[in-house]
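Please read the structure below before turning to the comments.
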Amino acid sequence: MDHTNSRRYFLKTAGSLLGAAFLGLWGTMIHTQRKSKKKELIRISLDSNGTVLFHEDCIVINKDQPVVLSSYCTHLGCRIQTFENGQLVCPCHGSTFDLEGNPLKGPAITQLKKLDFTLNKETQTITIKI
Ligand code: FES
């Protein structure tokens with residue numbers, strides 16, 4: 001038996017198995033993190049004067065009928081945190097969106113996700129379940 005080939009085969013197999021185990025564990029960690037994040041409740045006061053309120057995962061458009069959008073760009077998922085010239089601007093590749101989340105300029109071609117929320121008119125507070 002050729003010991004060099006046997007050792008090489010063992011190292012290749014062990015490396016592949018360790019790599020697969022690592023990827024499986026990594027995927028589980030990411031999935032668990034996303035699942036736990038979905039249960040988060042965010043409360044945002046509409047008392048401030050701003051029309052557009054940025055929060056980590058969402059953008060609140062503060063108008064007569066508020067709109068809550070995901071802050072993650074539909075192109076490759078960068079977080080949108082800029083409002084310029086009446087448009088939401090993605091910092092990564094320059095996509096722009098109107099205040100309803102519709103794409104105005106690409107590369108993004110789909111609308112920002114609208115998020116469900118409840119509005120407490122008495123306290124002027126929006127609660128978003130993410
Ligand atoms: S991730 Fe927003 S334009 Fe590419």
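Whatever order the structure lists ligands and atoms in, that order sets their numbers, starting from 1. The chain is numbered in sequence order, starting from 1.
Atom 2 (Fe) of ligand 1 has no N, O or S atom of His93 closer than 2.8 Å.
Close contacts between ligand 1 and Cys78 involve ligand atoms 1 (S) [criterion: under 4.0 Å to a heavy atom]. Set against the non-hydrogen atoms of Cys73, the atoms of ligand 1 under 4.0 Å away are 1 (S), 2 (Fe), 3 (S).
Of all heavy-atom pairs spanning Leu99 and Val67, the tightest one is O-CG1, 4.2 Å. The two residues Cys58 and Ile42 have their closest heavy-atom pair at SG-CD1, 4.3 Å.
With respect to atom 1 (S) of ligand 1, the closest heavy atom belonging to the protein is Leu76 N, 3.3 Å. Ranking protein heavy atoms by distance to atom 3 (S) of ligand 1, first place goes to Ser95 OG, 3.1 Å.
Closest approach between atom 4 (Fe) of ligand 1 and any N/O/S atom of His75 involves ND1.
The main-chain N or O of Gln87 is never found under 3.5 Å from a side-chain atom of Asn85 such that the two would form a donor-acceptor pair.
Looking at Glu56 and Arg79, no side-chain N of the basic residue comes within less than 4.0 Å of a carboxylate O on the acidic one, giving no salt bridge.
The SG atoms of Cys78 and Cys92 are placed within less than 2.5 angstrom of each other.
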